[in-house]
Amino acid sequence: MEGWKTLSKTNVYDTLKERGFIKQVTDEDAVQAALGNSQVTAYVGFDPTADSLHVGNLLGLMALAHLQRAGHRPIALIGDGTGMIGDPSGKTEMRQLLTREKIASNAERINAQINRYFTMDGHAGFAVRNADWLLDLNLVEFLRDIGRHFSVNRMLAAESYKVRMETGLSFIEFNYQILQAYDFLKLFRSHGCTLQMGGDDQWGNIIAGTDLIRRVESQPAEGLTWPLLTTAGGQKMGKTAKGAVWLDGSKTSPYEYYQYWINVDDRDVVALLKYYTFLPMTEIEKLARLEGAEIRKAKEVLAYETTEITHGKGEADKAREASRSAFGGGGQDISAVPTTEMASSRFDAGVLVVDVFAEVGLTKSKGEARRLIQQGGAYVNEKKVETIDDSLTIANAVEGALMLRAGKKRYHRLMIK
RNA sequence: GGAGAGGUACCCGAGUGGCCAAAGGGAACAGACUGUAAAUCUGUCGGCGCAGCCUUCGGAGGUUCGAAUCCUCCCCUCUCCA
């Protein structure tokens with residue numbers, strides 16, 4: 001509480017608003033006043049559907065971090081209880097149910113991951129698991145105490161269930177909202193949590209929670225959503241051809257992570273700087289003034305800052321150097337480029353370039369490698385591979401390594417040992 | 001449980017005995033143009049020892065010289081009825 005007074009010079013609500021985090025709010029004046037006058041405990045839920053969070057979850061982490069920086073108390077709720085069911089919001093079909101063990105191990109890893117984004121000392125901020133209170137619920141009791149506050153008519157009318165009304169909605173999914181509302185009530189009671197935040201697809205679920213608290217506790221609770229981000233190209237934020245961009249460095253390397261951000265569409269840069277970095281608005285406005293090829297500088301800032309937030313300064317430096325050296329002069333550090341080792345004996349008789357590209361994962365198959373070469377997109381040490389019969393020997397290596405390139409952007413280093 | 005519709009490559013979706021490795025679109029990939037951006041144009045887009053061969057059209061069998069296409073059984077999805 002002491003920290004509150006010293007940190008609260010500006011109202012976080014305004015910060016969130018100018019950075020684009022506000023899409024819908026239950027009661028704007030009330031939320032703004034609360035965040036400006038007192039310490040607020042707020043929560044965001046994270047689903048343990050995978051063993052790592054991805055860029056799509058990052059907005060929630062950023063929002064919580066902003067709150068904590070302003071002296072408020074963030075709670076990260078890991079939905080290992082609701083995860084047993086699967087949130088139908090915005091989905092067109094039933095989500096694959098995960099096993100209990102899988103959810104538990106995912107929750108464990110996500111819990112560890114969240115530490116990176118804000119302090120979770122149990123005091124300034126912390127994580128909770130809803131399995132702790134959901135798994136042992138007694139159905140009949142629950143229906144009497146909580147279920148009676150929900151109107152099926154209203155739930156069915158909700159936008160989030162609309163799509164599913166046509167394709168089918170299972171009973172357990174239909175209950176998801178009730179459980180999420182119950183989570184909010186639970187956190188309200190045990191931790192004085194009065195604000196739930198989430199993506200706009202969560203609006204219905206959040207409202208269900210504030211309504212429930214009003215009904216059973218006769219006290220106000222608020223909710224807030226941020227917009228669901230799509231890139232200028234119409235893609236979901238954080239998705240690439242290969243799938244999600246993960247926050248776990250072993251699933252998406254810091255270098256790949258950096259590359260994801262530097263490759264964003266020009267039109268998205270400014271918005272992304274606001275969402276995904278802590279740079280002051282004045283700084284961002286300066287970057288926003290860049291035009292044409294200069295925009296790349298803003299992208300480099302974006303890539304560096306985001307990589308630092310998720311992977312730390314050391315990795316961010318390495319990724320930046322690797323990126324600079326790979327794309328037009330500058331640094332020397334190529335240690336962040338994906339690397340594979342290969343025994344020198346393999347090179348004695350010469351290895352087909354096609355085999356190497358496929359083996360290293362630069363292409364999915366040898367056929368694809370052949371096509372790549374025929375189309376003139378395969379390079380070894382920056383020299384174009386001319387024919388599909390080309391092979392490599394020790395003589396091609398420079399300081400015991402080969403730099404392979406597929407297309408313009410994908411590099412892979414081959415160490416010979 | 002009853003009646004009907006359907007399951008085709010990453011996604012959508014044509015094809016209903018040979019001309020089908022399977023139209024078309026989207027996504028993706030490469031090249032040109034660029035700024036590691038966008039747009040546009042061109043090409044590619046199952047695998048391989050690549051003028052040929054192998055494996056695909058929910059699964060397993062069968063008919064046939066020949067099947068994604070016909071038959072049998074099974075699995076799954078959707079709609080209506082109970």
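Just so it is clear, the values below take in all heavy atoms, side chains as well, and ignore hydrogens, waters and symmetry mates. Lettering of chains follows the sequences in order, A, B, ..., and the numbering in each one begins at 1.
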* Output the single nucleotide from B/G47, B/C29, B/G43 whose closest atom is nearest the side chain of A/Q375. => B/G43
* Report the nucleotide, chosen from B/A37, B/A38, B/U34, that has the shortest atom-to-atom distance to any side-chain atom of A/K299. => B/A37
* A/L35 side chain reached by A/L67 side chain, heavy atoms, under 4.5 Å -> yes
* Quick one: which of B/G31, B/G35, B/U36 gets closest to the side chain of A/I262? -> B/U36
* Taking all atoms of both residues into account, what is the closest heavy-atom pair of A/A369 and A/T363, and its distance? -> CB-OG1, 3.5 Å
* Asked: Between A/S365 and B/C48, does any side-chain N or O lie under 4.0 Å from OP1 or OP2?
  -> yes
* **B/A37 versus B/G31 - spacing of their P atoms, nearest Å** => 11 Å
* Would one find a side-chain N or O of A/R371 under 4.0 angstrom from OP1 or OP2 of B/G47? -> yes
* Structure fact -> Judged by nearest nucleotide, the residue sitting upstream toward the 5' end of RNA chain B, A/G407 or A/E291, is A/G407
* Asked: Can you tell me how far P in B/C57 sits from the matching atom in B/G52, rounded to whole Å?
  -> 24 Å
* **Minimum-distance nucleotide to A/R410 side chain [options: B/G47, B/G31, B/A30]** => B/A30
* Indicate the atoms forming the closest heavy-atom contact of A/W203 with A/V25, along with that distance. => CH2-C, 3.6 Å
* Classify the side chain of A/Q259 versus the base of B/U36 as yes if they form a donor-acceptor pair under 3.5 Å and no if they do not. => yes
* Asked: Quick one: which of B/C29, B/G35, B/G31 gets closest to the side chain of A/A293?
  -> B/G35
* **Identity of whatever pairs with B/C53 - Watson-Crick or G-U, under 3.5 angstrom** => B/G47
* Just to confirm, is there a sub-4.0 Å distance from OP1 or OP2 of B/A37 to any side-chain nitrogen or oxygen of A/K409? -> yes
* Let me see the working for A/E256 and A/R410 under salt bridge (Lys or Arg N to Asp or Glu O under 4.0 Å), right down to the final yes or no. => CA-CA 10 Å; A/E256 289 171 293; A/R410 285 151 51 230; over 6 Å; no
* Give a yes or no on whether the ring-centroid distance for A/Y276 and A/W261 is below 6.0 angstrom. => yes
* Asked: Which part of the nucleic acid, if any, lies within contact of A/V264, taking any heavy atom under 4.0 Å across all strands shown: a base, the sugar-phosphate backbone alone, or nothing?
  -> sugar-phosphate
* Structure fact -> Paired to B/G4 by Watson-Crick or G-U wobble criteria (both distances under 3.5 Å) is B/C78
* Integer angstrom distance from the P of B/C45 to that of B/C20 -> 16 Å
* **Separation between the C1' atoms of B/G58 and B/G7, rounded to whole Å** => 6 Å
* Structure fact -> Testing B/U36, B/C45, B/A30 for proximity to the side chain of A/L372, the answer is B/A30
* To do: Indicate, with a heavy-atom threshold strictly under 4.0 Å, whether A/K366 touches base, sugar-phosphate, or nothing.
  => sugar-phosphate
